[in-house]
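Everything numeric in this text was worked out from a predicted model, so none of it was measured. Throughout, protein chains are lettered first and strands after them, A, B, ... in sequence-line order, and every chain is numbered starting at 1.
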Amino acid sequence: MPELPEVEAARRGIAEQLAGRAVTGLELYRPRLIQAAPGLDLDLLPGHRLLEVGRWGKYLWLVFEPLAAVVHLKLTGQLVARGGSIPGFAAGHPVPPYDAPLPHKSTALRLDFAPGIQLYLTDVRHFARVWLLPVDEVDNYVESFALGPDLLSPDFSFETFCRRLERRQAGRLKPTLLDQSVVAGIGNIYADESLWQARLHPEQVVGALSEDDLARLYEGIQQTMRLAVPIGGARILHGKAVPPVGEFPFVHGREGQPCPRCGTTIVKLQVNGRGTYLCPHCQPAPVGSPLGAGATQRLAAGE
DNA sequence: AACTACTCCTGGAGGC
DNA sequence: TGCCTCCAGGAGTAGT
């Protein structure tokens with residue numbers, strides 16, 4: 001599902017291939033996609049250029065001359081551009097396949113750009129949203145989500161990260177990483193990957209982390225982003241990586257497979273209702289945890 | 001403050 | 001083949 005690396009892939013594709021081009025037409029297949037401020041409408045776009053594209057965490061915004069569109073792909077949103085003389089790009093959820101004929105039955109919006117280019121927003125579960133706003137209200141609108149620092153921003157320093165975690169001493173690690181007001185951009189896949197990199201258990205209590213744990217966690221997040229962003233993110237469908245499968249992701253969606261680091265069988269459990277994958281050897285249950293030693297394995301075995 | 005449950009949705013998987 | 005149920009989850013909200 002689209003998390004920071006997937007949304008960043010979309011931002012780069014739009015910035016490199018669509019910015020500066022004029023909108024020539026559009027088709028809105030699913031009106032509920034759009035939430036417009038009073039007086040604004042998609043039909044204002046044709047004839048105007050895309051001036052700028054921005055991103056903070058999983059939010060993406062496109063600034064046109066008459067208005068701005070803030071996009072959230074949620075679980076299954078996908079952005080694909082093709083046509084004209086551009087190389088094209090595809091980012092987000094891997095269903096329908098990136099090379100499928102478009103529009104797909106779940107395509108919600110098509111924007112046409114000169115010359116002969118189409119940008120499709122497709123979303124099989126209909127959770128994605130596009131907000132239409134006056135251009136000068138975008139900053140305030142994005143700030144209203146109270147997002148933590150973006151993982152790719154210089155603002156995401158080790159010091160800032162520790163300060164953000166200080167407010168969440170009693171929380172468990174994975175729900176804390178998924179909270180976008182702590183840091184912006186981590187979702188279920190990259191939380192699992194970052195914790196595996198850091199060798200930390202997802203149910204570890206934040207306040208119990210040592211300085212060394214915190215340093216490994218920060219580095220684990222950075223390392224996960226360094227791996228995922230250049231390839232446009234992991235393609236996960238129904239908890240399984242969509243081929244072609246490389247090394248990445250290392251644990252998410254790999255229940256029953258050997259840990260790439262130590263060979264121990266990767267297990268799946270539920271943390272705050274989220275499917276969570278980990279290596280029980282690299283990421284032992286926290287000492288003094290009410291779960292106790294071996295609880296992860298017992299849970300995974302359904303005992 | 002932290003967690004759970006529910007809502008929004010569809011389609012794939014598995015059971016029978 | 002064809003029903004049926006379960007499950008996946010980002011984020012907002014309400015309740016505990």
Novice: Between the protein and nucleotides 10-12 of chain C, are there any N/O to N/O pairs under 3.5 Å, and if so, what are the atom names and distances?
Specialist:
| residue | atom | partner | partner atom | Å |
| --- | --- | --- | --- | --- |
| C/dA11 | OP1 | A/His72 | NE2 | 2.9 |
| C/dA11 | OP2 | A/Lys58 | NZ | 3.1 |
| C/dA11 | OP2 | A/Gln180 | NE2 | 3.4 |
| C/dG12 | OP1 | A/Tyr59 | OH | 3.3 |

Novice: Kindly write out the residues that satisfy salt bridge (charged side-chain N to carboxylate O under 4.0 Å, His left out) with A/Arg163, not counting sequence neighbours, or none if the list is empty.
Specialist: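 A/Arg163: no salt bridge (charged side-chain N to carboxylate O under 4.0 Å, His left out) contacts found.
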Novice: Please report the distance, rounded to the nearest Å, between NE2 in A/His126 and P in B/dG11.
Specialist: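 My rounded result for the distance is 7 Å.
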Novice: Could you give all pairs that pass the side chain to side chain donor-acceptor pair (under 3.5 Å) test and reach residues 25-35 of chain A, with sequence neighbours left out?
Specialist: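 Those involving residues 25-35 of chain A are A/Tyr29-A/Arg110, A/Gln35-A/Trp131.
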Novice: Looking across every strand, which nucleic acid part, if any, lies under 4.0 Å from A/Gly273 by heavy atom: base, sugar-phosphate, or nothing?
Specialist: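 Nothing, no nucleic acid heavy atom in range.
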Novice: Does A/Arg172 get its side chain close enough to the base of B/dA2, under 3.5 Å, for a donor-acceptor pair?
Specialist: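 When only heavy-atom distances are counted, A/Arg172 does not reach the base of B/dA2 through any donor-acceptor pair under 3.5 Å.
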Novice: With the side chain of A/Arg32 defined as its heavy atoms from C-beta on, choose the nearest nucleotide among B/dC8, B/dT4, B/dT10.
Specialist: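 So the side chain of A/Arg32 is nearest to B/dC8.
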Novice: Within this structure, what is the CZ-to-P distance between A/Arg125 and B/dG12, rounded to whole angstrom?
Specialist: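 In whole Å, B/dG12 P lies 10 Å from A/Arg125 CZ.
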Novice: Kindly list each side-chain donor-acceptor pair under 3.5 angstrom involving residues 43-50 of chain A, sequence neighbours excluded, with atom names and distances?
Specialist:
| residue | atom | partner | partner atom | Å |
| --- | --- | --- | --- | --- |
| A/His48 | ND1 | A/Glu65 | OE1 | 3.2 |

Novice: A/His104: what forms a side chain to side chain donor-acceptor pair (under 3.5 Å) with it, not counting sequence neighbours?
Specialist: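 Testing A/His104 for side chain to side chain donor-acceptor pair (under 3.5 Å), a comparison that skips the adjacent residues, returns A/Ser106.
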Novice: Output all residues satisfying salt bridge (charged side-chain N to carboxylate O under 4.0 Å, His left out) with A/Arg168, sequence neighbours left out; order by chain, then residue number.
Specialist: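 A/Arg168 satisfies salt bridge (charged side-chain N to carboxylate O under 4.0 Å, His left out) with A/Asp179 only.
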Novice: Mind calculating the distance between CD (A/Glu166) and C1' (B/dA2) to the nearest angstrom?
Specialist: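 Atom CD in A/Glu166 sits about 18 Å away from atom C1' in B/dA2.
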Novice: From B/dC3, C/dA8, B/dG11, pick the nucleotide closest to the side chain of A/Val124?
Specialist: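 Nearest nucleotide to the side chain: B/dG11.
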Novice: Applying the ring-ring contact (aromatic ring centres under 6.0 Å, His included) test to A/Phe145, which of A/Trp56, A/Tyr59, A/Trp61 qualifies?
Specialist: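 Testing A/Phe145 for a ring-ring contact (aromatic ring centres under 6.0 Å, His included) against A/Trp56, A/Tyr59, A/Trp61 leaves exactly one candidate, A/Tyr59.
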Novice: Can you sort out the partners of A/Glu8 under salt bridge (charged side-chain N to carboxylate O under 4.0 Å, His left out), two or more places apart, ordered by chain and number?
Specialist: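 A/Glu8 satisfies salt bridge (charged side-chain N to carboxylate O under 4.0 Å, His left out) with A/Arg11, A/Arg12, A/Arg55 once adjacent residues are dropped.
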Novice: Rounded to whole Å, please give me the gap between CG in A/Asp179 and P in B/dA1.
Specialist: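 After rounding, the gap between these two atoms is 12 Å.
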Novice: Taking only side-chain nitrogens and oxygens of A/Lys174, does any of them come within less than 4.0 Å of OP1 or OP2 of B/dA2?
Specialist: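 So the side-chain polar atoms of A/Lys174 never come under 4.0 Å of the phosphate oxygens OP1 or OP2 of B/dA2.
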Novice: Does OP1 or OP2 of B/dG11 have a side-chain N or O of A/Lys105 closer than 4.0 Å?
Specialist: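 Result: yes.
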Novice: Any donor-acceptor pair under 3.5 Å linking the side chain of A/Glu255 with the backbone of A/Gly253?
Specialist: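 Checked: no pair found.
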Novice: For the helix from B/dA2-C/dT16 to B/dC16-C/dG2, how many degrees between its two end axes (five pairs per end), to the nearest 10°?
Specialist: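 Its terminal axes enclose an angle near 50°.
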Novice: Should A/Gln35 be listed as having a side-chain N or O under 4.0 Å from OP1 or OP2 of B/dC8?
Specialist: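 Indeed not, no polar side-chain atom of A/Gln35 lies that close.
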Novice: Tell me the interatomic distance from A/Gln78, atom CD, to B/dG11, atom P, rounded to whole angstroms.
Specialist: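 Roughly 14 Å, once rounded to whole Å.
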Novice: Mind checking what makes side-chain contact (heavy atoms from CB on, under 4.5 Å) contact with A/Asn140, not counting sequence neighbours?
Specialist: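 Here the qualifying residues are A/Glu143.
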Novice: Nearest-Å distance, OH (A/Tyr277) to P (C/dC7)?
Specialist: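 Answer to the nearest Å: 13 Å.
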